[in-house]
Amino acid sequence: MITPRLALPSLAPLVLLAAGCASVEPPPVAATPNRNAAFASLYGARPEERFPLPATDITGVDPRYFRQEVAYPRAEPPGTVVVDPGGKFLYLVRENGRALRYGVGVGKAGLAWSGTARVARKAEWPRWTPTPDMIAREPERNGPWRLGMAGGPGNPLGPRALYLFDGDRDTLYRIHGTTEPGTIGTNVSSGCIRMFNQDVIDLYGRVPVGSRVVVLPAGERVEPAVPAIARAEDGPPPADAL
């Protein structure tokens with residue numbers, strides 16, 4: 001007589017059940033390097049200022065908008081400031097075909113004029129007075145300051161401003177700091193040419209009154225093609241270049 005063999009239950013469901021109850025650790029994920037870390041020292045706190053400046057958070061900023069030395073393909077003489085509103089850059093021309101390049105944000109007024117001017121005056125922690133057009137466009141935001149806002153941390157011109165004149169005529173074109181560093185590299189609704197606060201302080205110290213300024217038309221570029229993302233390993237230029 002043959003004894004029938006009992007069918008054993010499949011172990012697969014038990015294995016799956018055990019697996020479902022176990023705590024499975026995900027594989028470790030390599031930390032993504034901060035591509036902007038090499039530039040952090042350029043945008044650190046400035047406690048020595050009349051109104052101490054905090055460090056600028058540059059974590060999400062495209063590295064091409066950081067202060068750096070680049071090749072300069074045009075023929076302006078050293079000491080010239082060249083504003084490229086379309087490219088969102090400002091250049092301070094140096095010797096040997098080089099320039100310091102700064103990222104900028106461009107306001108409506110920054111696109112309204114182009115040509116050649118000079119820095120007629122400079123101001124530290126400047127007073128800001130909105131134009132009638134700015135008040136009409138944003139009355140709730142700008143109306144309370146129709147008589148002017150004293151310099152300070154909340155002033156939209158930031159810690160420095162350079163005022164451009166064409167002969168004796170004020171062009172109403174300004175190069176200044178900002179309370180909105182996230183707008184660098186973009187078009188904005190108001191203002192002229194805004195820079196990171198640490199950058200406008202740096203530019204202010206390099207550019208004397210009387211310096212020549214060239215503002216390009218919106219469709220003209222200094223560099224025909226600036227890469228959208230700079231390589232992290234490029235880092236900033238040497239300290240002595242800045």
Side-chain angles (χ1 to χ4, degrees), residues 36 39-63 65-67 81 83 85 88-90 92 100-113 117 119-165 170-207 209 213 215 242:
N36 295 344
F39 293 90
S41 63
L42 300 180
Y43 299 97
R46 302 293 293 265
E48 75 283 0
E49 283 289 318
R50 188 198 321 168
F51 301 98
L53 277 175
T56 298
D57 182 4
I58 60 171
T59 304
V61 178
D62 189 319
Y65 296 119
F66 296 140
R67 185 195 330 158
V81 174
V83 182
K88 309 298 186 296
F89 294 116
L90 180 149
L92 177 57
L100 273 182
R101 190 181 74 194
Y102 306 80
V104 301
V106 182
K108 184 177 180 182
L111 292 170
W113 182 84
V119 177
R121 75 180 183 94
K122 307 191 301 182
E124 296 188 15
W125 294 100
R127 185 176 184 84
W128 172 69
T129 303
T131 65
D133 180 64
M134 292 172 66
I135 294 173
R137 190 166 59 247
E138 297 181 277
E140 292 185 1
R141 180 178 182 180
N142 297 324
W145 307 109
R146 64 181 68 250
L147 298 180
M149 178 192 292
N155 189 302
L157 295 183
R160 303 286 190 275
L162 285 69
Y163 300 80
L164 274 58
F165 278 60
D170 186 354
T171 65
L172 302 180
Y173 203 97
R174 311 286 187 253
I175 299 168
H176 56 83
T178 182
T179 56
E180 300 174 310
T183 61
I184 299 301
T186 70
N187 288 321
V188 291
S189 62
S190 61
C192 283
I193 298 298
R194 58 177 67 177
M195 306 175 69
F196 288 120
N197 288 334
Q198 289 85 349
D199 280 350
V200 78
I201 290 173
D202 181 82
L203 182 71
Y204 182 99
R206 297 176 186 274
V207 175
V209 169
V213 181
V215 180
L242 295 175

**Fill in**
In short, Phe165 meets Ala117 closest at the heavy-atom pair O-CB, 3.2 Å

**Val61 to Asp57 - nearest heavy-atom pair and separation** = CG2-O, 4.5 Å

**Request:** Check the pair Asn197 / Glu49 against side-chain contact (heavy atoms from CB on, under 4.5 Å), numbers first and verdict last.
**Result:** CA-CA 11 Å; Asn197 288 334; Glu49 283 289 318; over 6 Å; no

**Message:** Can you confirm whether Ile193 sits close enough to Val106 that some side-chain heavy atom of one is under 4.5 Å from a side-chain heavy atom of the other?
**Reply:** yes

**Asked** Which pair of heavy atoms, one from Gly148 and one from Thr129, lies closest together, and at what distance?
**Response** CA-OG1, 3.5 Å

**Message:** Please determine whether ring pair (Phe, Tyr, Trp, His ring centres under 6.0 Å) holds for the pair Tyr65 and Phe89, giving the CA-CA distance in whole Å, both sets of side-chain angles, and the decisive distance to 0.1 Å.
**Reply:** CA-CA 7 Å; Tyr65 296 119; Phe89 294 116; 5.5 Å; yes

**Item:** Euclidean distance, Leu157 CG relative to Met149 CE, rounded to 0.5 Å
**Value:** 9.0 Å

**Item:** Stepwise side-chain contact (heavy atoms from CB on, under 4.5 Å) test for Asp170 and Tyr163
**Value:** CA-CA 8 Å; Asp170 186 354; Tyr163 300 80; 5.5 Å; no

**Message:** Any non-hydrogen side-chain atom of Phe51 less than 4.5 Å from a side-chain atom of Asn155?
**Reply:** no

**Asked** Should Tyr43 and Asp199 be marked as a side-chain hydrogen bond (donor to acceptor under 3.5 Å, both in side chains) after you check the CA-CA gap, both sets of side-chain angles, and the distance that decides it?
**Response** CA-CA 8 Å; Tyr43 299 97; Asp199 280 350; 2.9 Å; yes

**Fill in**
Correct closest heavy-atom pair for Pro159 and Val200 would be CG-CG1, 4.0 Å

**Prompt:** Heavy-atom distance under 4.5 Å between the side chains of Leu42 and Ile58, does that happen here?
**Reply:** no

**Request:** Quick one: pull up OG1 in Thr183 and NZ in Lys88 and give me the separation to the nearest 0.5 Å.
**Result:** 11.5 Å

**Message:** If we ignore hydrogens and angles and just use 3.5 Å, is the side chain of Asn187 paired with the main-chain N or O of Gly107 as donor and acceptor?
**Reply:** no

**Request:** Would you please test Arg67 and Phe196 for side-chain contact (heavy atoms from CB on, under 4.5 Å) and show each step?
**Result:** CA-CA 9 Å; Arg67 185 195 330 158; Phe196 288 120; over 6 Å; no

**Asked** For the residue pair Arg194 and Ile184, what are the closest heavy atoms and their distance?
**Response** O-CD1, 3.5 Å

**Prompt:** Does CD in Glu140 sit with more than 12 non-hydrogen atoms of other residues, nucleotides or ligands closer than 6.0 Å?
**Reply:** no

**Spatial distance of atom CZ (Arg160) from atom NE2 (His176) [nearest 0.5 Å]** = 14.5 Å

**Message:** Show, in sequence, the C-alpha distance, side-chain angles and deciding distance for Val215 and Leu164, and conclude whether the side-chain contact (heavy atoms from CB on, under 4.5 Å) test is met.
**Reply:** CA-CA 10 Å; Val215 180; Leu164 274 58; 4.2 Å; yes

**Message:** Please tell me whether Thr131 and Asp133 have a donor and an acceptor in their side chains that are separated by less than 3.5 angstrom.
**Reply:** no

**Fill in**
Rounded to the nearest 0.5 Å, the CD atom of Glu48 sits from the CD1 atom of Ile201 at a distance of 7.0 Å

**Message:** According to side chain to side chain contact (heavy atoms under 4.5 Å, CB included), who are the partners of Val81, at least two apart in sequence or on a separate chain?
**Reply:** Val83, Leu90, Leu92, Ile175, Val207, Val213

**Prompt:** What closest approach, in Å, do Asn142 and Met134 show between heavy atoms, and which atom pair accounts for it?
**Reply:** ND2-O, 3.1 Å

